[in-house]
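Chain A is the first sequence line, chain B the second, and so forth, proteins listed ahead of strands; every chain is numbered from 1.
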Amino acid sequence: MKYLSKLHQALAEGHFAVTAEIGPPKHASAQGVIRHAQMLQSCVDAANITDCQTAIVRLSSIAAGAHILGCGVEPIVQMTCRDRNRIAIQADLLGAYSLGMRNLLCLSGDHQKFGNHPSAKNVYDLDSVQLISLMRRMRDESKFFCGEEIKEHEPRFFIGAVANPFADPFEYRVDRLEKKIEAGAQFIQTQCVFDMERFERFMEMVRARGLDQRAHILAGVTPLKSWRAARYLQTGVSGMIVPDTLVERLKNAADPKEGIKVCIEQIRHIKEKVRGVHGVHIMAIAWEEAVPEIAERAGLLPRPGLQRRAESID
Amino acid sequence: MTEHMPPCSGACPVNTDVRGYLAAIARQDYAAASRLISASNPFPSVCAWVCPHPCEDNCRRGQVDSALSIRGLKRFAIEAAGVIDSPCDAPAKKTGKKVAVVGAGPGGLTAAYDLARQGHSVVVYEKNSGLGGHFLTSLPTYRLPREMLKRDTDRILAAGVEARTGVEVGKDITIARLREEYDALIISVGLARSKSLPLPGADHPGVLMALPFLHRANTGESQATGERVLVIGGGDVAMDVARTAVRLGAAQVNTICLELREQMPAHAWEIEEALDEGVILINGYGPVEILTKDGKIVGVKAQKVKSVFDPGGKFNPTFEPGEFLSVPCDTVIQAVGQVPDNSFLNQSGLAVDPRGSVQTDKNTLTTSLPGVFTCGEVVTGPGPAIAAVASGHRAAQLVNSFLNGAPAAGPKETEVIGPLPGKVRELIPKQKRQAMPVLAPGSRKNNFEPFELGFDQKAALCEALRCLSCGLGARVESEKCAACLTCLRVCPYQAPVVGGPAAMPPEGCQACGVCAAFCPAGAISVANLNLSAIEDTLRAVTEETRLVLFTEQAACRELLAAAGPQMIPALKDAAVITLPAAGALRLEWILSAFENGAARVVVAQGQKDSRHHAGSGKYLKGVIARAKNLLEAAGIPGDRLSLRKLDEGWPVS
Amino acid sequence: MIKAQQKDIREIAGMVEGCHKVLLAGCGGCVTVCLAGGEKETEIAARALRLIRKRSGKPLETVTYVATRQCEPEFLAPLDELVKDVDAVISLACGVGVQCLAERYQDKWVVPALDTKFAGGSKETGVWEERCGLCGDCILHKTGGICPVVRCSKSILNGPCGGSQHGKCELGQDIDCAWQLIYDRMKALGRLSELTAVQPPKDWSKARDGGPRRLIREDLIADEISE
Ligand SMILES: Cc1cc2nc3c(=O)[nH]c(=O)nc-3n(C[C@H](O)[C@H](O)[C@H](O)COP(=O)(O)OP(=O)(O)OC[C@H]3O[C@@H](n4cnc5c(N)ncnc54)[C@H](O)[C@@H]3O)c2cc1C
Ligand code: SF4
Ligand code: SF4
Ligand code: SF4
């Protein structure tokens, strides 16, 4: 069997995968990205590079991907529908593939209203489901989005999507996940899980439909630096649920690293108790240095046979 | 287009512009009010005192709380204005035609006045020594001071009417003679005689008749009234008689009538006032005999009434057999109705009806002889004086066209506005009717002083402002209407109907003017809003104008001033624009005021929006904010424009 | 209908700064209905402009006229006389009206007094909301009669995105999540299954094309030859 990427291979071989997130900087130097990549190199299977997250202008996802590739970390290129029409998206993704990028995560993208260019015109020529479906067709049927044939060297991405079990309408979240899987999503990264109970209900529905068999689900986790950060996510970010008990726990904790402890407990719980989850996606917002410690203490290390798998990649 | 007449005017026999004069009072233009009152009524002063006001019975305010005190306001206006000579009172160019009027009651004098103003030479023949008919002879002076009558008759005479008093037609001069001398004749002899019940004992000299009794009382002629008076009758005249007897010093005054209290033909307030003065009512009994003993009256025997009216509603009393009552008394006064004195018919050649009265066509007011017309109660039967006035107008109109050989104009096409829709009724804020101040029964019982004291200015203004301005509402120019629904959305009463172009049914529209302020198409005009006057006032604004004040009607100037000097400091020199509701304010007007140089603009609003139109001011804040923004764009500080709400409960306190 | 909003009066004043006499042309169509450019607003704008100019010592003369609809050439004829001696025309119509005037009066400075906002309807008194994106290819039959193109802030055709919470859009509490509405309605109508199909990308060529979109009704195109 040929794998589309190392991440693909790790998942396909049944390893409990670990991904993390790297946010490119608001300037033109790759130094920070490289440092992060070096830090993550031995403890993740791949790293997401965000695409102008929260609609703030940052070094491009694909360029940053090229930098971390050089550090031996496999990038997951994030592509939002906000900033590019179908022509630009295809052009950029052809370029990304040519640079060696193999994982693609398709998203709608945060609305520009909250970014640093609120007066920008958004694009949304396509939505994330359409993007997934068109990228799958490009790979499997060698066709541009318009249907025109790609004569040779079609990009062959391992395609991922996101799911948010904490947004509404809850019942429809699984339907939409299925829609994405139907469209061609092979791996799914979820929104940060804080409300474990709701996540488990979500997974129950996912399993009931056999979706965990059709795509690899990676649960998103986030170590919270402080109770204030928790409170902010609870009240200031749409589509997040942070239980009060968690906020209280962080507030009352003596240990400044209580957030890491919580995160580790969550990972252990997910790994051991929640069937159908094939990995975790650690989003250490502004706390990238915490990732190695979390991976270590959660028993996710060492990451299995990187070298061997690399060879089998096409 | 048919004119929408408010029900007050509709109920008034001469269609007095009630709404118009109430509005004039509200804006303190008493001369205008007085002119409007007199426009269709040559007896404004008399009516202001004694009219039984059918207008009030029909006032739509009555569907909300209680009717306007229309007569009270009329009296206030007449008194506040004083005597006004309107230019139309000057005798017109003579036509050379001569008209004789028989009888100087309100009917005859109205006809005479109208004809004189049309240029005809009019002579009124009156058997009494003065003018006014029952006004002069019969109405008790505590209700009608005679100087009120004189005010009205003087004005009539000033219009060129010649009066020959002390001349009884039929005796001193015949109708036939008058026909020879005059081109036309109007007979308006009224109902001059009291009816008498054919009871055993009724021919006793102690049995008095209402009209002579009242006449003597009015002229101060002494008459023997005993200690215990019994008045027979249940109408207004009976009440006048009873109350007069009280004033003449009778120790006890009873009235007896067939009807139960609520069936009595007398107006409720007349009964109330009589009771206050100690009159005792004996209801449901019909006198059957005057009891005498030793040549003196000792009482009246009466039989219990079973029913007054038959199932068809016709007057047809039946009695309980064997159930009698006897009321002791020493004087009996019959007040059971008036009939014409037909002595004028003597040698007239006029055809006579079965009742022995002159035969008349009620529509054309003609008699069997060409050129001889009739009017007043002799035709219409008993009723309020204003009905006789209306009949006099009609007669004048018909005689004028008879003299000119032209057909008389038909009545105007009008439609009386229907009742308030239920939901509108709920939405109109309640406002208490001002009570007419009166002398206490104790201090009026023993004299003939006028017992109603009249409104003071404050009460009058508050009362006048209760008028709903029925029919002065919004009209839509349908070609301009964009059917945008704004009027319906802003109307405090949801009165507009917007299917295609909007329409405001006069029943629901309360004439607040709010819709017109918001109509984006300028399609709405509101009769209650004098646009040209507003534009004139704004045009007259100059750099010297320190303040332009937009105030809702309820916040009229006098009351505003009373609200305190700190409220509106420069009120004295202000250009004042009165609006039915503050919500009728238009942004354009504010801009114009400043464009023409006004230093400041104040919008005055009652505490709860307008007192009159709850909810009509809910957009004002936004309008003012928008205006301020525009002013600031022109470099005018926003604080030069302000919205002032007046104290809670104001202006009534 | 088209919904528009009057520009800040200072901006309008700036457009006609050098003029001595201007014509304010209102429109009796959509902009009257949305209270932006009918007779009343035309009058307000005229008075406000005069006030501004008077205060700055350079009085401005104004003429006002409200056309039945500025988007129809026939209704503009009465303006022909009025424009003659003005230095500029201020149109209180939507962008269509402004252009119709500019086209008709080639040598006149024609400026807009309104910002043309959207195609929408009334929500409540004084509040209007966009309903149609004029995309040229209606999909309302697929989305329960609720247009995701304009009512979803990301125009997502396979929504809702992950920002939808408690029925509101991630943009804020005052915006309903269009996809929640679509979901609720389809559910109520028993048609949820229709939402499972992946909606293909939209053919935006029908929404914006080279040059202005144009409609032609063949049954109203006169056939000159056979006549
Ligand atoms: C006691 C009483 C109280 C009333 N109170 C009120 C009230 O409060 N409010 C109200 O609106 N109405 C009241 N009315 C009714 C009102 O007075 C009459 O409706 C009104 O006066 C009728 O007017 P007229 O012109 O038809 O007749 P009249 O007023 O009766 O006038 C007829 C005139 O013709 C004269 N006349 C008669 N025969 C001859 C003749 N042969 N030659 C010359 N002259 C003649 C009479 O002397 C009299 O002056 C009252 C009536 C009475 C009797
Ligand atoms: S509210 Fe005024 S206009 Fe209406 S019926 Fe009464 S008095 Fe007449
Ligand atoms: S507000 Fe004016 S344009 Fe709008 S429906 Fe009413 S009358 Fe017609
Ligand atoms: S807003 Fe006022 S004037 Fe207009 S219809 Fe309603 S009640 Fe009448």
Arg86(A)/Trp204(C) under side-chain contact (heavy atoms from CB on, under 4.5 Å): CA gap, chis, key distance, verdict: CA-CA 11 Å; Arg86(A) 58 191 85 175; Trp204(C) 290 111; 3.5 Å; yes
Option that, when pairs with chain A are counted at under 4.5 Å, heavy atom only, ranks first among Ser155(C), Pro160(C), Cys169(C): Pro160(C)
Point-to-point distance, once rounded to the nearest 0.5 Å, from CG of Asp168(A) to CH2 of Trp179(C): 16.0 Å
Residue, of Leu171(C), Asp184(C), Val198(C), that accumulates the most heavy atom pairs under 4.5 Å with chain A: Leu171(C)
CD1 (Ile139(C)) with more than 12 external heavy atoms under 6.0 Å: yes
CZ (Arg131(C)) with more than 12 external heavy atoms under 6.0 Å: yes
Side chain / backbone / both / neither for Lys202(C) at chain A, heavy atoms under 4.5 Å: backbone
Close side-chain approach of Pro201(C) to Asp125(A), heavy-atom, < 4.5 Å: no
Heavy-atom neighbours of Glu72(C) CD exceed 12 at 6.0 Å: yes
Lys187(C) with Glu171(A): basic N within carboxylate O range, under 4.0 Å: yes
Heavy-atom side-chain contact between His166(C) and Pro169(A) under 4.5 Å: no
Main-chain N/O of Pro200(C) paired to Gln130(A) side chain as donor or acceptor, under 3.5 Å: yes
Structural part of Val123(A) lying under 4.5 Å from a heavy atom of chain C: neither
Among the listed options Gln112(A), Arg82(A), Met240(A), Glu182(A), the residue most often paired with chain C at heavy-atom distances under 4.5 Å: Met240(A)
Sidechain-backbone polar pair: Asp127(A) side chain, Leu157(C) backbone, donor-acceptor under 3.5 Å: yes
Distance in Å, Thr80(A) OG1 paired with Lys154(C) NZ, rounded so as to fall on 0.5 Å steps: 9.5 Å
Interchain contact, Thr196(C) with chain A, by part (heavy-atom threshold 4.5 Å): backbone
Euclidean distance, Leu195(C) CG relative to Arg176(A) CZ, rounded to 0.5 Å: 11.5 Å
Distance (rounded to the nearest 0.5 Å) between Ser153(C) OG and Tyr124(A) OH: 7.0 Å
Chain C contact via Lys179(A) - which portion, at a heavy-atom distance below 4.5 Å: both
CZ (Arg191(C)) with more than 12 external heavy atoms under 6.0 Å: no
Expected output: side-chain Glu170(C) to main-chain His111(A) donor-acceptor under 3.5 Å: yes
Under 3.5 Å donor-acceptor, Ser238(A) side chain and Gly163(C) backbone: yes
Reported CZ-to-CD distance for the pair Phe170(A) and Gln165(C), which is rounded to 0.5 angstrom: 12.5 Å
Chain C contact via Leu134(A) - which portion, at a heavy-atom distance below 4.5 Å: side chain
